[in-house]
2 protein chains.
Amino acid sequence: MQRTRFSAMRCSLARSLDRIGDWWTPLILRDLFLGVTRFDELVEDLGLSRNLLARRLRSLVARGLVRKVPYQRRPLRHAYLLSAAGEALLPPLLALTAWGDRHAAPPGGPPLRFRHLGCGRDFVPVVVCSCCGEALEAAAVEARPGPGGAAARGTRVVARRLATKAR
Amino acid sequence: MQRTRFSAMRCSLARSLDRIGDWWTPLILRDLFLGVTRFDELVEDLGLSRNLLARRLRSLVARGLVRKVPYQRRPLRHAYLLSAAGEALLPPLLALTAWGDRHAAPPGGPPLRFRHLGCGRDFVPVVVCSCCGEALEAAAVEARPGPGGAAARGTRVVARRLATKAR
DNA sequence: TGAGTGGGTTCAATCAATGAACTAACGAGC
DNA sequence: GCTCGTTAGTTCATTGATTGAACCCACTCA
(Lines give C-alpha, C1' and ligand atoms only; values in the text may rest on other atoms or scores of the structure.)
Protein backbone atom coordinates (compact mmCIF):
# COMPACT_ATOMS: atom_id res chain seq x y z
CA MET A 1 0.00 0.00 0.00
CA GLN A 2 2.96 2.23 -0.60
CA ARG A 3 2.44 5.47 -2.46
CA THR A 4 2.42 4.79 -6.18
CA ARG A 5 5.78 5.52 -7.84
CA PHE A 6 5.69 6.85 -11.39
CA SER A 7 9.05 5.45 -12.48
CA ALA A 8 7.60 2.41 -14.24
CA MET A 9 5.18 4.36 -16.39
CA ARG A 10 5.82 4.60 -20.11
CA CYS A 11 5.50 8.35 -20.07
CA SER A 12 8.29 10.87 -19.82
CA LEU A 13 6.22 13.31 -17.80
CA ALA A 14 5.60 10.58 -15.23
CA ARG A 15 9.30 9.75 -15.19
CA SER A 16 10.19 13.41 -14.69
CA LEU A 17 7.71 13.62 -11.83
CA ASP A 18 9.25 10.52 -10.32
CA ARG A 19 12.46 12.58 -10.02
CA ILE A 20 11.12 15.98 -9.02
CA GLY A 21 7.43 15.51 -8.28
CA ASP A 22 7.81 15.13 -4.53
CA TRP A 23 6.56 17.83 -2.20
CA TRP A 24 9.26 20.56 -1.79
CA THR A 25 11.64 19.18 -4.40
CA PRO A 26 11.14 21.83 -7.13
CA LEU A 27 11.50 24.58 -4.53
CA ILE A 28 14.75 23.04 -3.32
CA LEU A 29 16.05 23.03 -6.89
CA ARG A 30 14.98 26.66 -7.32
CA ASP A 31 16.89 27.62 -4.20
CA LEU A 32 20.02 25.81 -5.33
CA PHE A 33 19.85 27.76 -8.59
CA LEU A 34 19.39 31.04 -6.69
CA GLY A 35 22.50 30.40 -4.64
CA VAL A 36 20.90 29.07 -1.46
CA THR A 37 23.03 25.96 -1.30
CA ARG A 38 23.69 25.06 2.34
CA PHE A 39 21.61 22.86 4.59
CA ASP A 40 20.78 25.46 7.23
CA GLU A 41 20.13 28.16 4.63
CA LEU A 42 17.63 25.91 2.90
CA VAL A 43 15.90 25.18 6.19
CA GLU A 44 15.67 28.88 6.98
CA ASP A 45 14.58 29.93 3.51
CA LEU A 46 11.88 27.31 2.95
CA GLY A 47 10.90 26.49 6.49
CA LEU A 48 10.67 22.78 5.91
CA SER A 49 11.75 20.22 8.49
CA ARG A 50 15.45 19.27 8.62
CA ASN A 51 14.30 15.70 8.54
CA LEU A 52 12.58 16.02 5.19
CA LEU A 53 15.26 18.23 3.63
CA ALA A 54 17.90 15.61 4.41
CA ARG A 55 15.82 12.92 2.75
CA ARG A 56 15.12 15.03 -0.36
CA LEU A 57 18.76 16.01 -0.80
CA ARG A 58 19.86 12.39 -0.44
CA SER A 59 17.41 11.38 -3.13
CA LEU A 60 18.43 14.22 -5.47
CA VAL A 61 22.12 13.33 -5.09
CA ALA A 62 21.38 9.63 -5.66
CA ARG A 63 19.51 10.45 -8.88
CA GLY A 64 22.30 12.69 -10.18
CA LEU A 65 20.43 16.01 -10.14
CA VAL A 66 22.53 17.50 -7.35
CA ARG A 67 26.19 17.23 -6.31
CA LYS A 68 27.39 17.48 -2.72
CA VAL A 69 30.58 19.53 -2.78
CA PRO A 70 32.83 20.67 0.10
CA TYR A 71 33.06 24.44 0.40
CA GLN A 72 35.55 24.42 3.29
CA ARG A 73 37.77 22.04 5.23
CA ARG A 74 38.41 22.29 8.94
CA PRO A 75 35.67 21.86 9.74
CA LEU A 76 34.51 20.02 6.65
CA ARG A 77 31.31 21.55 5.29
CA HIS A 78 29.35 20.77 2.15
CA ALA A 79 27.21 22.76 -0.26
CA TYR A 80 24.64 21.28 -2.62
CA LEU A 81 25.03 22.31 -6.24
CA LEU A 82 23.01 21.52 -9.36
CA SER A 83 24.56 18.96 -11.70
CA ALA A 84 24.24 19.29 -15.47
CA ALA A 85 20.98 17.30 -15.39
CA GLY A 86 19.75 19.53 -12.57
CA GLU A 87 20.58 22.69 -14.48
CA ALA A 88 18.75 21.32 -17.50
CA LEU A 89 15.60 21.39 -15.35
CA LEU A 90 15.78 25.14 -14.95
CA PRO A 91 14.11 26.09 -18.24
CA PRO A 92 11.02 23.93 -17.58
CA LEU A 93 10.82 25.28 -14.04
CA LEU A 94 11.12 28.83 -15.39
CA ALA A 95 8.26 28.12 -17.77
CA LEU A 96 6.20 26.92 -14.82
CA THR A 97 7.14 30.04 -12.89
CA ALA A 98 5.97 32.21 -15.77
CA TRP A 99 2.64 30.40 -15.71
CA GLY A 100 2.38 31.22 -12.02
CA ASP A 101 3.17 34.87 -12.73
CA ARG A 102 0.28 34.99 -15.18
CA HIS A 103 -2.33 32.70 -13.66
CA ALA A 104 -1.55 32.68 -9.95
CA ALA A 105 0.25 35.95 -9.33
CA PRO A 106 0.85 37.04 -5.76
CA PRO A 107 -0.31 40.53 -4.71
CA GLY A 108 2.11 43.15 -5.99
CA GLY A 109 3.21 41.53 -9.20
CA PRO A 110 5.96 39.02 -10.00
CA PRO A 111 8.23 38.40 -7.00
CA LEU A 112 11.25 37.66 -9.18
CA ARG A 113 12.42 38.86 -12.54
CA PHE A 114 14.93 37.11 -14.74
CA ARG A 115 17.59 38.64 -16.94
CA HIS A 116 19.12 36.88 -19.90
CA LEU A 117 22.86 37.41 -19.89
CA GLY A 118 22.94 36.62 -23.60
CA CYS A 119 21.04 39.78 -24.55
CA GLY A 120 21.16 41.68 -21.27
CA ARG A 121 17.42 42.18 -20.92
CA ASP A 122 14.67 41.06 -18.57
CA PHE A 123 12.67 38.33 -20.23
CA VAL A 124 9.76 35.95 -20.00
CA PRO A 125 10.48 32.32 -20.83
CA VAL A 126 8.58 31.09 -23.89
CA VAL A 127 8.22 27.48 -25.00
CA VAL A 128 8.61 27.21 -28.76
CA CYS A 129 8.65 24.58 -31.49
CA SER A 130 12.19 23.41 -32.25
CA CYS A 131 11.41 23.32 -35.97
CA CYS A 132 9.71 26.62 -36.73
CA GLY A 133 10.39 28.62 -33.56
CA GLU A 134 6.74 29.51 -33.08
CA ALA A 135 5.37 29.74 -29.54
CA LEU A 136 3.50 26.55 -28.62
CA GLU A 137 -0.18 26.48 -27.84
CA ALA A 138 -2.17 23.45 -26.77
CA ALA A 139 -4.50 23.62 -29.74
CA ALA A 140 -1.59 23.40 -32.18
CA VAL A 141 0.06 20.36 -30.60
CA GLU A 142 -0.87 16.82 -31.59
CA ALA A 143 0.39 13.79 -29.68
CA ARG A 144 1.47 10.72 -31.62
CA PRO A 145 2.87 7.37 -30.52
CA GLY A 146 6.64 7.16 -30.14
CA PRO A 147 9.05 4.21 -30.33
CA GLY A 148 9.01 3.61 -26.56
CA GLY A 149 5.24 3.66 -26.19
CA ALA A 150 3.38 0.83 -24.48
CA ALA A 151 0.10 0.19 -22.72
CA ALA A 152 1.42 0.05 -19.16
CA ARG A 153 -0.08 1.68 -16.15
CA GLY A 154 -0.31 5.36 -16.92
CA THR A 155 -0.93 4.84 -20.63
CA ARG A 156 -3.56 2.13 -20.81
CA VAL A 157 -6.23 4.24 -22.39
CA VAL A 158 -3.83 6.70 -24.01
CA ALA A 159 -2.10 3.94 -25.97
CA ARG A 160 -5.43 2.70 -27.38
CA ARG A 161 -6.43 6.24 -28.24
CA LEU A 162 -3.20 7.05 -30.06
CA ALA A 163 -3.01 3.78 -31.96
CA THR A 164 -5.89 4.93 -34.14
CA LYS A 165 -3.96 7.90 -35.53
CA ALA A 166 -0.68 6.05 -35.67
CA ARG A 167 -0.41 6.65 -39.39
CA MET B 1 0.62 20.23 11.70
CA GLN B 2 -1.11 20.28 8.37
CA ARG B 3 0.98 19.74 5.27
CA THR B 4 2.57 23.06 4.32
CA ARG B 5 0.68 24.84 1.56
CA PHE B 6 2.73 26.90 -0.87
CA SER B 7 0.03 29.42 -1.71
CA ALA B 8 1.26 32.10 0.70
CA MET B 9 4.83 32.11 -0.57
CA ARG B 10 6.06 35.12 -2.49
CA CYS B 11 7.34 32.96 -5.32
CA SER B 12 5.51 32.14 -8.52
CA LEU B 13 6.98 28.67 -8.73
CA ALA B 14 5.59 27.92 -5.27
CA ARG B 15 2.23 29.32 -6.29
CA SER B 16 2.20 27.18 -9.44
CA LEU B 17 3.03 24.13 -7.36
CA ASP B 18 0.22 25.00 -5.01
CA ARG B 19 -2.10 24.50 -8.01
CA ILE B 20 -0.53 21.51 -9.72
CA GLY B 21 2.13 20.19 -7.35
CA ASP B 22 0.00 17.52 -5.77
CA TRP B 23 0.69 13.87 -6.43
CA TRP B 24 -1.07 12.76 -9.70
CA THR B 25 -2.26 16.24 -10.72
CA PRO B 26 0.14 16.84 -13.65
CA LEU B 27 -0.63 13.37 -15.01
CA ILE B 28 -4.34 14.09 -14.81
CA LEU B 29 -3.80 17.30 -16.81
CA ARG B 30 -1.73 15.39 -19.36
CA ASP B 31 -4.54 12.87 -19.79
CA LEU B 32 -7.12 15.59 -20.24
CA PHE B 33 -4.97 17.10 -22.99
CA LEU B 34 -4.58 13.68 -24.64
CA GLY B 35 -8.33 13.21 -24.76
CA VAL B 36 -8.82 10.97 -21.74
CA THR B 37 -11.52 13.10 -20.19
CA ARG B 38 -14.00 10.86 -18.36
CA PHE B 39 -13.87 9.71 -14.78
CA ASP B 40 -13.72 5.98 -15.45
CA GLU B 41 -11.22 6.41 -18.29
CA LEU B 42 -8.91 8.35 -16.01
CA VAL B 43 -9.16 5.67 -13.34
CA GLU B 44 -8.37 2.97 -15.89
CA ASP B 45 -5.53 4.88 -17.54
CA LEU B 46 -3.69 6.02 -14.44
CA GLY B 47 -4.71 3.38 -11.93
CA LEU B 48 -5.27 5.82 -9.10
CA SER B 49 -8.04 5.44 -6.57
CA ARG B 50 -11.47 6.82 -7.49
CA ASN B 51 -11.46 8.53 -4.16
CA LEU B 52 -8.36 10.58 -4.89
CA LEU B 53 -9.29 11.31 -8.51
CA ALA B 54 -12.59 12.81 -7.37
CA ARG B 55 -10.78 15.05 -4.89
CA ARG B 56 -8.19 16.18 -7.46
CA LEU B 57 -10.79 16.97 -10.10
CA ARG B 58 -12.87 18.93 -7.59
CA SER B 59 -9.82 20.98 -6.69
CA LEU B 60 -8.83 21.58 -10.33
CA VAL B 61 -12.35 22.73 -11.18
CA ALA B 62 -12.46 25.00 -8.11
CA ARG B 63 -9.18 26.61 -9.16
CA GLY B 64 -10.32 27.17 -12.72
CA LEU B 65 -7.89 24.85 -14.49
CA VAL B 66 -10.55 22.38 -15.58
CA ARG B 67 -14.19 22.66 -16.66
CA LYS B 68 -16.82 19.99 -16.04
CA VAL B 69 -18.91 19.77 -19.17
CA PRO B 70 -21.84 17.48 -20.03
CA TYR B 71 -21.16 15.27 -23.03
CA GLN B 72 -24.61 13.64 -23.07
CA ARG B 73 -28.03 13.96 -21.49
CA ARG B 74 -30.28 11.03 -20.54
CA PRO B 75 -28.43 9.93 -18.57
CA LEU B 76 -26.49 13.07 -17.78
CA ARG B 77 -22.75 12.46 -18.04
CA HIS B 78 -19.83 14.88 -17.68
CA ALA B 79 -16.39 15.12 -19.18
CA TYR B 80 -13.51 17.12 -17.72
CA LEU B 81 -11.88 19.56 -20.12
CA LEU B 82 -8.96 21.93 -19.78
CA SER B 83 -9.87 25.59 -19.36
CA ALA B 84 -7.75 28.34 -20.93
CA ALA B 85 -5.57 28.48 -17.82
CA GLY B 86 -5.24 24.71 -17.91
CA GLU B 87 -4.23 24.73 -21.57
CA ALA B 88 -1.64 27.39 -20.79
CA LEU B 89 0.04 24.82 -18.56
CA LEU B 90 0.70 22.51 -21.46
CA PRO B 91 3.91 24.17 -22.74
CA PRO B 92 5.64 24.00 -19.33
CA LEU B 93 4.52 20.40 -18.94
CA LEU B 94 5.82 19.63 -22.44
CA ALA B 95 9.18 21.15 -21.47
CA LEU B 96 9.25 18.91 -18.42
CA THR B 97 8.37 15.92 -20.58
CA ALA B 98 11.26 16.74 -22.90
CA TRP B 99 13.58 16.78 -19.89
CA GLY B 100 12.31 13.32 -19.00
CA ASP B 101 12.95 12.11 -22.55
CA ARG B 102 16.57 13.23 -22.25
CA HIS B 103 17.44 12.57 -18.64
CA ALA B 104 15.07 9.83 -17.55
CA ALA B 105 14.13 8.04 -20.75
CA PRO B 106 12.27 4.77 -20.51
CA PRO B 107 13.67 1.73 -22.35
CA GLY B 108 12.94 1.97 -26.06
CA GLY B 109 13.05 5.73 -26.52
CA PRO B 110 10.43 8.44 -26.10
CA PRO B 111 6.95 6.99 -25.48
CA LEU B 112 5.21 9.93 -27.13
CA ARG B 113 6.09 12.30 -29.93
CA PHE B 114 4.50 15.66 -30.55
CA ARG B 115 3.68 17.29 -33.85
CA HIS B 116 3.29 21.02 -34.30
CA LEU B 117 0.25 21.69 -36.45
CA GLY B 118 1.72 25.12 -37.28
CA CYS B 119 4.58 23.67 -39.31
CA GLY B 120 3.48 20.04 -39.60
CA ARG B 121 6.61 18.51 -38.15
CA ASP B 122 7.54 16.50 -35.06
CA PHE B 123 9.29 18.78 -32.62
CA VAL B 124 11.02 19.10 -29.28
CA PRO B 125 9.81 21.93 -27.04
CA VAL B 126 12.51 24.52 -26.36
CA VAL B 127 12.37 27.25 -23.73
CA VAL B 128 13.70 30.52 -25.17
CA CYS B 129 14.24 34.13 -24.15
CA SER B 130 11.29 36.31 -25.14
CA CYS B 131 13.64 39.13 -26.15
CA CYS B 132 16.30 37.48 -28.29
CA GLY B 133 14.80 34.06 -28.95
CA GLU B 134 17.91 32.23 -27.82
CA ALA B 135 17.49 28.90 -25.97
CA LEU B 136 17.80 29.41 -22.24
CA GLU B 137 20.55 27.83 -20.17
CA ALA B 138 20.91 28.08 -16.42
CA ALA B 139 24.32 29.76 -16.64
CA ALA B 140 22.90 32.61 -18.74
CA VAL B 141 19.99 33.42 -16.46
CA GLU B 142 20.28 35.88 -13.60
CA ALA B 143 17.54 36.32 -11.04
CA ARG B 144 16.68 39.81 -9.82
CA PRO B 145 14.11 41.12 -7.38
CA GLY B 146 10.68 41.96 -8.81
CA PRO B 147 7.95 44.32 -7.63
CA GLY B 148 6.07 41.64 -5.69
CA GLY B 149 9.11 40.30 -3.86
CA ALA B 150 9.16 39.98 -0.06
CA ALA B 151 10.95 38.07 2.66
CA ALA B 152 8.16 35.67 3.53
CA ARG B 153 8.45 31.97 4.09
CA GLY B 154 9.98 30.53 0.97
CA THR B 155 12.09 33.59 0.23
CA ARG B 156 13.69 34.53 3.54
CA VAL B 157 17.24 33.93 2.47
CA VAL B 158 16.60 34.52 -1.22
CA ALA B 159 15.32 38.05 -0.58
CA ARG B 160 18.46 38.96 1.40
CA ARG B 161 20.66 37.46 -1.28
CA LEU B 162 18.95 39.32 -4.12
CA ALA B 163 18.81 42.69 -2.34
CA THR B 164 22.56 43.06 -2.80
CA LYS B 165 22.28 43.07 -6.59
CA ALA B 166 19.01 44.98 -6.56
CA ARG B 167 19.80 47.74 -8.96
C1' DT C 1 -38.08 -6.33 -13.05
C1' DG C 2 -33.47 -7.11 -13.23
C1' DA C 3 -28.90 -6.31 -14.95
C1' DG C 4 -25.59 -2.95 -16.63
C1' DT C 5 -23.16 1.59 -16.90
C1' DG C 6 -20.98 5.80 -15.37
C1' DG C 7 -19.65 8.44 -11.66
C1' DG C 8 -18.92 8.89 -7.70
C1' DT C 9 -18.61 8.21 -1.72
C1' DT C 10 -17.15 5.82 2.59
C1' DC C 11 -13.99 3.40 5.29
C1' DA C 12 -9.82 1.10 7.56
C1' DA C 13 -5.00 0.47 6.91
C1' DT C 14 -0.57 2.34 5.85
C1' DC C 15 2.63 5.79 4.20
C1' DA C 16 4.52 10.56 4.35
C1' DA C 17 5.12 15.24 6.41
C1' DT C 18 5.59 18.09 10.48
C1' DG C 19 7.95 20.10 14.39
C1' DA C 20 10.48 19.53 18.32
C1' DA C 21 14.22 17.50 20.63
C1' DC C 22 18.47 15.38 20.36
C1' DT C 23 23.39 14.08 18.53
C1' DA C 24 27.93 14.94 16.77
C1' DA C 25 32.17 16.98 14.88
C1' DC C 26 34.89 20.78 14.99
C1' DG C 27 36.95 25.54 16.18
C1' DA C 28 37.27 29.66 19.07
C1' DG C 29 37.84 31.85 23.25
C1' DC C 30 38.90 31.78 28.12
C1' DG D 1 41.11 21.62 29.69
C1' DC D 2 36.43 23.31 29.37
C1' DT D 3 32.55 25.51 27.61
C1' DC D 4 30.08 27.75 23.87
C1' DG D 5 28.66 28.43 19.14
C1' DT D 6 28.27 26.59 14.13
C1' DT D 7 26.84 23.50 10.85
C1' DA D 8 24.70 19.43 9.56
C1' DG D 9 22.34 16.27 10.32
C1' DT D 10 19.10 12.02 13.07
C1' DT D 11 15.22 10.31 15.93
C1' DC D 12 10.63 10.32 17.38
C1' DA D 13 5.52 11.03 18.29
C1' DT D 14 1.64 13.18 16.06
C1' DT D 15 -1.19 14.26 12.34
C1' DG D 16 -2.32 14.43 7.35
C1' DA D 17 -2.47 12.07 2.68
C1' DT D 18 -2.83 7.98 -0.25
C1' DT D 19 -4.39 3.40 -1.16
C1' DG D 20 -7.63 -0.22 -2.36
C1' DA D 21 -11.75 -2.34 -1.55
C1' DA D 22 -16.50 -2.08 -0.86
C1' DC D 23 -20.52 0.31 -1.32
C1' DC D 24 -24.16 3.67 -3.32
C1' DC D 25 -27.22 5.87 -6.65
C1' DA D 26 -29.46 7.60 -10.80
C1' DC D 27 -30.48 6.23 -15.03
C1' DT D 28 -31.22 3.14 -19.25
C1' DC D 29 -32.17 -0.91 -21.77
C1' DA D 30 -33.85 -5.62 -22.44
Side-chain angles (χ1 to χ4, degrees), chain A residues 1-9 14 17-18 20-28 31-32 36-62 66-81 153-154 156-157, chain B residues 1-9 14 17-18 20-28 31-32 36-62 66-81 153-154 156-157:
Chain A
M1 215 195 255
Q2 195 171 171
R3 187 168 77 161
T4 312
R5 298 300 328 180
F6 295 151
S7 53
M9 289 186 181
L17 293 173
D18 183 65
I20 64 152
D22 279 321
W23 209 234
W24 290 108
T25 298
L27 292 180
I28 293 170
D31 268 17
L32 298 185
V36 180
T37 60
R38 300 181 190 177
F39 193 90
D40 276 17
E41 285 177 339
L42 288 163
V43 168
E44 185 192 352
D45 192 60
L46 298 173
L48 85 174
S49 78
R50 318 173 69 74
N51 179 0
L52 189 55
L53 177 60
R55 199 161 0 136
R56 291 285 188 271
L57 288 172
R58 227 187 341 263
S59 159
L60 286 169
V61 170
V66 169
R67 291 174 298 133
K68 186 176 182 178
V69 178
Y71 66 86
Q72 71 170 32
R73 315 193 161 273
R74 321 199 52 77
L76 183 59
R77 298 280 183 249
H78 294 276
Y80 294 91
L81 301 179
R153 186 184 201 187
R156 253 182 258 288
V157 177
Chain B
M1 215 195 253
Q2 196 172 171
R3 187 167 77 162
T4 312
R5 298 299 328 180
F6 296 151
S7 52
M9 289 187 181
L17 292 173
D18 183 65
I20 64 152
D22 279 322
W23 209 234
W24 289 108
T25 298
L27 292 181
I28 293 169
D31 268 17
L32 297 185
V36 180
T37 61
R38 300 180 189 176
F39 193 91
D40 277 17
E41 285 177 339
L42 287 163
V43 168
E44 184 191 353
D45 192 60
L46 297 172
L48 85 175
S49 78
R50 318 173 68 76
N51 180 359
L52 189 55
L53 177 60
R55 198 159 3 133
R56 291 285 188 271
L57 288 173
R58 228 187 340 264
S59 160
L60 286 169
V61 169
V66 168
R67 292 174 296 134
K68 186 176 181 177
V69 178
Y71 67 85
Q72 70 170 34
R73 315 192 161 274
R74 319 200 53 78
L76 183 59
R77 297 282 183 247
H78 294 276
Y80 294 92
L81 301 179
R153 185 184 204 189
R156 254 180 257 288
V157 177

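Order of the sequence lines sets the chain letters (A, B, ...), proteins ahead of strands, with each chain counted from 1.
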Whole angstrom is fine here: how far is it from CZ in B:Arg73 over to P in D:dA26? 19 Å
Would you say a side-chain N or O of B:Trp23 is under 4.0 Å from OP1 or OP2 of C:dA16? no
Rounded to whole Å, CD of A:Glu44 lies from P of D:dA8 at a distance of 12 Å
Indicate yes or no: does B:Arg153 engage A:Asp45 in a salt bridge with an N to O separation below 4.0 Å. no
Establish, with yes or no, whether the OP1 or OP2 oxygen of D:dA17 is under 4.0 angstrom from a side-chain nitrogen or oxygen of B:Trp24. no
Could you check B:Trp23 against A:Asp22 for side-chain contact (heavy atoms from CB on, under 4.5 Å), going step by step and ending with a plain yes or no? CA-CA 7 Å; B:Trp23 209 234; A:Asp22 279 321; 3.9 Å; yes
Base, sugar-phosphate alone, or nothing: which one does B:Arg5 contact when heavy atoms must sit under 4.0 Å apart? nothing
Examine C:dG27: is either OP1 or OP2 under 4.0 Å from a nitrogen or oxygen in the side chain of A:Arg74? Give yes or no. yes
If you go through the side-chain atoms of A:Arg50, does one of them form a donor-acceptor pair with the base of D:dA8 closer than 3.5 Å? yes
Does B:Tyr71 have a side-chain nitrogen or oxygen under 4.0 Å from the phosphate oxygens OP1 or OP2 of C:dG7? yes
Looking at every strand, decide which applies to B:Arg55 at a 4.0 Å heavy-atom threshold: base, sugar-phosphate, or nothing. base
Going by modelled atom types, is there a donor-acceptor pair between the base of D:dG16 and the side chain of B:Arg3 at under 3.5 Å? no
Can you tell me if the side-chain N/O atoms of A:Thr4 get under 4.0 Å from OP1 or OP2 in D:dT19? yes
Using a cut-off of less than 4.0 Å, is there contact between a side-chain N or O of B:Arg58 and OP1 or OP2 of C:dG8? no
Would you kindly check whether a donor in the side chain of B:Asn51 faces an acceptor in the base of D:dT18, or vice versa, at under 3.5 angstrom? no
Tell me what A:Arg77 touches on the nucleic acid: a base, only sugar-phosphate, or nothing, going by heavy atoms under 4.0 Å. base
